[in-house]
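Data block below; observations after.
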Amino acid sequence: MSRSGREPARGDTAAVLAGPTMARHKQRMDRLQFNGEWLGLAVVASAFAILAVLEIAVPFRTARHTRGRRWLTNLALFALDTAAVRLVLPLAMAGTAVVAAERGWGLFNAVGAPGWLALAGSLLALDLALWVQHLATHRVPWLWRLHRVHHVDRAFDVTTAARFHPVEIVLSMAWKMAVVAALGAPVLAVVVFEAGFAVFALWTHANLDLPAQAERWVRGLIVTPGMHRIHHSTRPGETNSNYGTVLSGWDRLFGTYVGSAADAPRTMPIGLAEFRDERPTRLGWSLWFPFRRH
């Protein structure tokens with residue numbers, strides 16, 4: 001009995017019970033987001049360290065440029081990228097997934113998809129969305145101006161994966177958040193994708209190579225350093241190919257796959273043909289590069 005002397009209605013009881021349940025659910029979601037972000041950071045940092053050591057121990061291409069200032073600039077750009085996203089879009093992908101789940105946004109929430117389907121579908125759709133984004137950065141002139149900061153690097157190693165202009169990274173995060181909201185992607189899928197995609201980005205830019213037989217088998221499913229190195233060629237026809245980061249099938253499906261470079265992989269020119277000096281190793285120059293008149 002309530003204090004008013006009447007039995008609580010069934011709807012009132014459901015509302016009372018739903019409050020704590022929703023609160024506990026939100027706590028679990030927030031905890032998954034927080035733990036996932038820290039675990040993802042640890043995984044990515046470990047992958048970077050392992051690949052960097054392997055590059056030094058068994059490099060595929062002989063380093064023609066000193067690591068010093070180039071690595072500092074590439075890693076400084078990464079730090080600025082991270083700060084820019086935190087400042088402009090603090091919700092980020094995982095936060096968007098939490099909000100989407102709470103409010104029932106997105107395809108998978110609308111149709112009540114089972115967890116396994118939402119997880120697998122989100123991972124696949126997000127990889128395709130990033131392939132589309134990468135294609136756009138090469139096809140849309142003002143996006144290419146930003147993306148050239150990544151391509152102007154004259155060397156190809158694990159730090160190249162960190163070399164992006166902050167404006168491009170903020171725009172990329174906005175796109176990914178929109179895709180997460182439209183899909184209703186689960187928090188777990190977003191956490192797994194963010195960490196996995198970052199590790200693959202490091203892997204595909206590593207100055208390493210696989211044995212020929214292994215390269216053929218592995219490249220049939222996922223992108224390898226040998227496949228992505230072609231994308232960083234100075235030849236425009238090769239630069240505008242191989243846009244994938246995780247699955248190699250998107251390039252094969254959409255006709256943008258190039259299997260081998262015109263030049264020998266160990267000596268092929270990397271970067272942009274019109275910028276062959278040391279300017280890209282300077283942080284200030286790299287930040288101003290998209291806004292220069294050429």
Side-chain angles (χ1 to χ4, degrees), residues 37 40-41 44-56 59 61-90 92 130 133-134 136-138 140-176 194 197-208 225 228-229 231-234 239 245 268-294:
E37 287 178 349
L41 180 62
V44 173
S46 299
F48 178 88
I50 292 170
L51 291 171
V53 169
L54 286 174
E55 284 185 339
I56 294 170
R61 290 165 56 95
T62 302
R64 297 183 178 182
H65 312 282
T66 56
R67 292 188 178 91
R69 186 165 68 175
R70 189 182 145 268
W71 272 40
L72 284 175
T73 292
N74 290 356
L75 296 177
L77 283 169
F78 174 75
L80 290 172
D81 295 342
T82 303
V85 168
R86 292 290 184 183
L87 179 64
V88 179
L89 297 170
L130 269 292
Q133 173 194 299
H134 195 177
T137 61
H138 283 251
V140 179
W142 67 271
L143 289 177
W144 172 239
R145 291 184 72 88
L146 293 168
H147 191 59
R148 288 191 309 171
V149 173
H150 177 64
H151 276 271
V152 79
D153 195 349
R154 294 171 60 200
F156 183 86
D157 64 26
V158 70
T159 68
T160 307
R163 184 189 170 87
F164 289 91
H165 196 277
V167 175
E168 179 181 359
I169 290 299
V170 169
L171 292 173
S172 173
M173 180 56 72
W175 166 245
K176 290 184 287 189
E194 282 196 288
F197 190 87
V199 170
F200 265 91
L202 295 172
W203 152 251
T204 58
H205 288 89
N207 184 22
L208 302 171
H228 193 68
R229 189 181 300 114
H231 179 74
H232 281 260
S233 163
T234 57
T239 305
T245 297
M268 61 182 283
I270 297 291
L272 299 177
E274 61 268 40
F275 298 97
R276 308 308 295 165
D277 53 30
E278 295 300 312
R279 287 177 294 175
T281 65
R282 302 203 299 262
L283 178 60
W285 186 92
S286 299
L287 289 170
W288 187 244
F289 181 45
F291 313 110
R292 293 170 55 90
R293 292 184 178 181
H294 301 296

Handout entry: Pairing residues for R69 by the side-chain hydrogen bond (donor to acceptor under 3.5 Å, both in side chains) criterion, not counting sequence neighbours
Key = T281
Practice task
Using the test side-chain hydrogen bond (donor to acceptor under 3.5 Å, both in side chains), find all partners of W203 that sit at least two apart in sequence or belong to another chain.
Solution key: none
Handout entry: D153 side chain reached by P280 side chain, heavy atoms, under 4.5 Å
Key = no
Exercise for the section: First locate atom CG of L171, then atom NE2 of H147, and finally report the distance between them rounded to the nearest 0.5 Å. Expected result: 13.0 Å
Problem - Q133 CD to W175 CH2 distance, which is reported to the nearest 0.5 Å - result: 8.0 Å
Exercise for the section: May I ask you to decide if the ring planes of H138 and H151 are parallel, tilted or perpendicular, using 30° and 60° as cut-offs? Expected result: perpendicular
Exercise for the section: Specify the closest pair of heavy atoms between V149 and F164, including all atoms of both residues, with the distance to one decimal. Expected result: CG1-C, 4.3 Å
Exercise for the section: Determine yes or no for a side-chain-to-main-chain donor-acceptor pair under 3.5 angstrom, with R61 supplying the side chain and M268 the backbone. Expected result: yes
Practice task
Looking only at non-hydrogen atoms, find the nearest pair between A84 and P166 and report the distance.
Solution key: CB-CB, 4.2 Å
Exercise for the section: Please check if atom CZ in R86 has more than 12 non-hydrogen atoms from other residues, nucleotides or ligands closer than 6.0 Å. Expected result: no
Practice task
Please identify each residue that fulfils side-chain hydrogen bond (donor to acceptor under 3.5 Å, both in side chains) with S233, with sequence neighbours left out.
Solution key: E238
Show the atom names and distances, to 0.1 Å, of all donor-acceptor pairs under 3.5 Å that link a side chain in residues 44-55 to residues at least two apart or in another chain.
from : atom 1 : to   : atom 2 : distance (Å)
S46  : OG     : A42  : O      : 2.8
E55  : OE2    : V158 : N      : 2.8
E55  : OE2    : N207 : N      : 2.7

Problem - Donor-acceptor under 3.5 Å (T137 side chain, H134 main chain) - result: yes
Exercise for the section: List in chain and number order the residues that pass side-chain hydrogen bond (donor to acceptor under 3.5 Å, both in side chains) with R163, two or more places apart in sequence or in another chain; answer none if no residue qualifies. Expected result: N74, S286
Practice task
Provide the closest heavy-atom pair for L80 versus L283 in the form atom of the first, atom of the second, distance.
Solution key: CD1-CD1, 4.3 Å
Problem - Side chain proximity check, R276 to P269, heavy atoms < 4.5 angstrom - result: yes
Practice task
Hey, could you give me the CG/CD1 distance between L89 and I169, rounded to the nearest 0.5 Å?
Solution key: 11.5 Å
Problem - Nearest-0.5 Å distance that lies between atom CG in L202 and atom OG1 in T159 - result: 10.0 Å
Practice task
Indicate yes or no: does D157 engage R67 in a salt bridge with an N to O separation below 4.0 Å.
Solution key: no
Exercise for the section: Answer whether the closest heavy-atom distance between the side chains of I270 and T160 falls below 4.5 Å. Expected result: no
Handout entry: Ring centroid separation H150 to H205 under 6.0 Å
Key = yes
Exercise for the section: Look at R154 together with E278 and state whether they make a salt bridge at an N to O cut-off of under 4.0 Å. Expected result: yes
Handout entry: Shortest non-hydrogen contact between L287 and L77, atoms and distance
Key = CD2-CD2, 3.7 Å
Practice task
Using modelled atom types only, decide if a donor and an acceptor are shared between the side chain of S172 and the backbone of E168 within a distance under 3.5 Å.
Solution key: no
Exercise for the section: For atom CH2 of W288, decide whether the heavy atoms of other residues, nucleotides or ligands shown that lie under 6.0 angstrom number more than 12. Expected result: no
Exercise for the section: Determine the interplanar angle of the H228 and F156 rings, folded into 0 to 90°, and report it as parallel if under 30°, tilted if 30 to 60°, perpendicular if over 60°. Expected result: tilted
Completion exercise
Sorted by chain and number, sequence neighbours left out, ring-ring contact (aromatic ring centres under 6.0 Å, His included) with H165 holds for F291
